[in-house]
Engineer: 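One structure follows; several queries about it will come next.
Numbering of residues begins at 1 and proceeds along the displayed sequence.
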Amino acid sequence: WIFNKPQCIDVSVDDGDLVTYADIANKIKIGTDLLLIRTGFEIYRSTPSYWQKNSGLSPDLAKGLRSNHSSIRALGVDVISITSRLHRNEGRKAHREFLGDNYQSDPIILIEDMSLSKYENKISKIIILPLMIAGADGAPCTIIAH
């Protein structure tokens, strides 16, 4: 997957917070095709907090992006999953909203567990190369930025 207008947005979160559309709506640039949400939570990657208390994404974020930013084809986060362990039901709903209920609409591809601490908004192109695994609903990716 090739993205020519990536954008990274910083969002302050506490343990288990869900990022909503209102948290980022006025920060998204027109034409963004890959939205990266940097919470800073990756600093906990080597601790249990990273998977026990991670922030996540709300279903309304997916709805807002679909309704108002049709150029966004993928979204990446610096947390282990878009589902906060502290809000599992909301996480399931968010996954369905991003990926399209029963795949009837184009999905917003999700890239979880990214390292975004050194990302700069000077990057003009990102290429994402997933390892294609038959029958899998997720895969490790190599990401190249230019």
Side-chain angles (χ1 to χ4, degrees), residues 1-101 103 105-131 136-146:
W1 304 313
I2 299 172
F3 301 93
N4 293 304
K5 293 194 177 182
Q7 180 188 2
C8 185
I9 294 176
D10 291 305
V11 179
S12 293
V13 294
D14 290 319
D15 291 352
D17 282 354
L18 297 179
V19 178
T20 66
Y21 182 67
D23 293 330
I24 64 166
N26 64 351
K27 299 176 183 178
I28 301 172
K29 295 177 184 172
I30 294 172
T32 295
D33 57 1
L34 170 61
L35 180 63
L36 304 172
I37 296 178
R38 179 172 42 204
T39 66
F41 213 78
E42 73 178 88
I43 65 170
Y44 301 110
R45 186 170 272 135
S46 62
T47 71
S49 290
Y50 188 66
W51 60 271
Q52 291 177 345
K53 298 180 180 178
N54 66 293
S55 61
L57 305 182
S58 71
D60 100 291
L61 174 58
K63 291 176 186 176
L65 294 177
R66 280 190 186 286
S67 298
N68 302 301
H69 305 278
S70 60
S71 61
I72 294 176
R73 299 179 3 244
L75 183 141
V77 292
D78 63 351
V79 293
I80 195 167
S81 172
I82 71 157
T83 298
S84 168
R85 185 178 172 134
L86 303 176
H87 302 282
R88 287 183 146 175
N89 286 334
E90 290 298 296
R92 287 182 190 98
K93 292 175 189 174
H95 271 94
R96 284 192 296 273
E97 288 293 332
F98 278 104
L99 298 175
D101 196 19
Y103 299 97
S105 57
D106 287 335
I108 296 176
I109 297 164
L110 298 170
I111 305 118
E112 300 165 317
D113 199 24
M114 295 183 77
S115 178
L116 297 173
S117 63
K118 296 179 182 176
Y119 184 91
E120 296 182 20
N121 275 319
K122 297 175 187 173
I123 293 173
S124 61
K125 181 182 273 190
I126 293 181
I127 300 170
I128 300 175
L129 305 162
L131 180 61
D137 67 354
C141 297
T142 298
I143 299 175
I144 302 168
H146 179 269

Engineer: Applying side-chain hydrogen bond (donor to acceptor under 3.5 Å, both in side chains), can you list everything that pairs with Asn4, at least two apart in sequence or on another chain?
Structural biologist: none
Engineer: Looking at every non-hydrogen atom in both residues, tell me the closest pair between Tyr44 and Tyr50 and how far apart they are.
Structural biologist: O-CB, 3.0 Å
Engineer: Applying side chain to side chain contact (heavy atoms under 4.5 Å, CB included), name anything that partners Ala22, two or more places apart in sequence or on another chain.
Structural biologist: Thr20
Engineer: Can you list every salt bridge (Lys or Arg N to Asp or Glu O under 4.0 Å) pair that touches residues 114-123, not counting sequence neighbours?
Structural biologist: Glu120-Lys122
Engineer: Any salt bridge (Lys or Arg N to Asp or Glu O under 4.0 Å) involving residues 9-30? Give me the pairs, sequence neighbours left out, ordered by first then second residue.
Structural biologist: Asp10-Arg38
Engineer: Can you tell me how far apart CZ (Arg88) and OG (Ser84) are? Round to the nearest 0.5 Å.
Structural biologist: 9.5 Å
Engineer: Where is the tightest heavy-atom contact between Ala94 and Pro59, given as atom of each residue plus distance?
Structural biologist: N-CG, 3.8 Å
Engineer: So do the side chains of Ile9 and Leu35 get within less than 4.5 Å of each other, counting heavy atoms only?
Structural biologist: yes
Engineer: Which value, rounded to the nearest 0.5 Å, describes the distance between Ile144 atom CD1 and Ile2 atom CD1?
Structural biologist: 10.0 Å
Engineer: Can you name the ring pair (Phe, Tyr, Trp, His ring centres under 6.0 Å) partners of Tyr119, sequence neighbours left out?
Structural biologist: none
Engineer: For residues Ile111 and Val77, determine if any side-chain heavy atom of one lies less than 4.5 Å from a side-chain heavy atom of the other.
Structural biologist: no
Engineer: Can you check whether Thr32's main-chain N or O pairs, donor with acceptor, with Ser71's side chain at less than 3.5 Å?
Structural biologist: yes
Engineer: Using the side chain to side chain contact (heavy atoms under 4.5 Å, CB included) criterion, which residues pair with Leu131? Sequence neighbours excluded.
Structural biologist: Ile133, Pro140
Engineer: Is there a side chain to side chain contact (heavy atoms under 4.5 Å, CB included) between Lys125 and Phe3 once you walk through the steps?
Structural biologist: CA-CA 6 Å; Lys125 181 182 273 190; Phe3 301 93; over 6 Å; no
Engineer: Return yes if some donor-acceptor pair links the side-chain N/O of Arg66 with the main-chain N/O of Asp106 below 3.5 Å, else return no.
Structural biologist: yes
Engineer: Decide yes or no for Thr39 and Val79: does some side-chain heavy atom of the first lie under 4.5 Å from some side-chain heavy atom of the second?
Structural biologist: yes
Engineer: CH2 of Trp51 to CD1 of Ile80: how many Å apart, nearest 0.5 Å?
Structural biologist: 8.5 Å
Engineer: If you apply the rule side chain to side chain contact (heavy atoms under 4.5 Å, CB included), what do you find for Ile109 with Ile128, and how did you get there?
Structural biologist: CA-CA 11 Å; Ile109 297 164; Ile128 300 175; over 6 Å; no
Engineer: Return the set of residues passing salt bridge (charged side-chain N to carboxylate O under 4.0 Å, His left out) with Glu90 (not counting sequence neighbours), or none when no residue passes.
Structural biologist: Lys93
Engineer: Please name all residues satisfying ring pair (Phe, Tyr, Trp, His ring centres under 6.0 Å) with Tyr21, sequence neighbours left out, ordered by chain then number.
Structural biologist: His69
Engineer: Measuring from Ser55:OG to His87:NE2, what's the distance to the nearest 0.5 Å?
Structural biologist: 9.5 Å
Engineer: Are any of the side-chain heavy atoms of Lys5 and Leu34 separated by less than 4.5 Å?
Structural biologist: no
Engineer: Checking Asp113 now: which residues fulfil salt bridge (charged side-chain N to carboxylate O under 4.0 Å, His left out) with it, not counting sequence neighbours?
Structural biologist: Arg45
Engineer: What heavy-atom pair brings Glu112 and His95 nearest, and what distance separates the two atoms?
Structural biologist: OE2-NE2, 3.5 Å
Engineer: Using atom types as modelled and distance alone, determine if a side-chain donor or acceptor of Glu42 lies under 3.5 Å from a backbone N or O of Leu116.
Structural biologist: yes
Engineer: Which residues satisfy the salt bridge (charged side-chain N to carboxylate O under 4.0 Å, His left out) test with Arg73, sequence neighbours excluded?
Structural biologist: Asp33
Engineer: Would you find a donor on one side and an acceptor on the other, under 3.5 Å apart, between the side chain of Asp78 and the backbone of Ser117?
Structural biologist: no
Engineer: Between Ile126 and Leu36, is any pair of side-chain heavy atoms under 4.5 Å apart?
Structural biologist: yes
Engineer: Can you list the residues that meet the side-chain hydrogen bond (donor to acceptor under 3.5 Å, both in side chains) rule with Ser124, with sequence neighbours excluded?
Structural biologist: none
Engineer: Could you please spell out the steps behind the side chain to side chain contact (heavy atoms under 4.5 Å, CB included) verdict for Phe41 and Asn54?
Structural biologist: CA-CA 7 Å; Phe41 213 78; Asn54 66 293; 4.0 Å; yes
Engineer: Can you tell me which residue among Leu65, Leu75, Leu18 is in a side-chain contact (heavy atoms from CB on, under 4.5 Å) with Leu57?
Structural biologist: Leu75
Engineer: If you look only at pairs with a residue in residues 56-65, which of them pass as a side-chain hydrogen bond (donor to acceptor under 3.5 Å, both in side chains), with sequence neighbours excluded?
Structural biologist: Ser58-Asp60
Engineer: How about Val13 and Val19: do any of their side-chain heavy atoms sit closer than 4.5 Å?
Structural biologist: yes
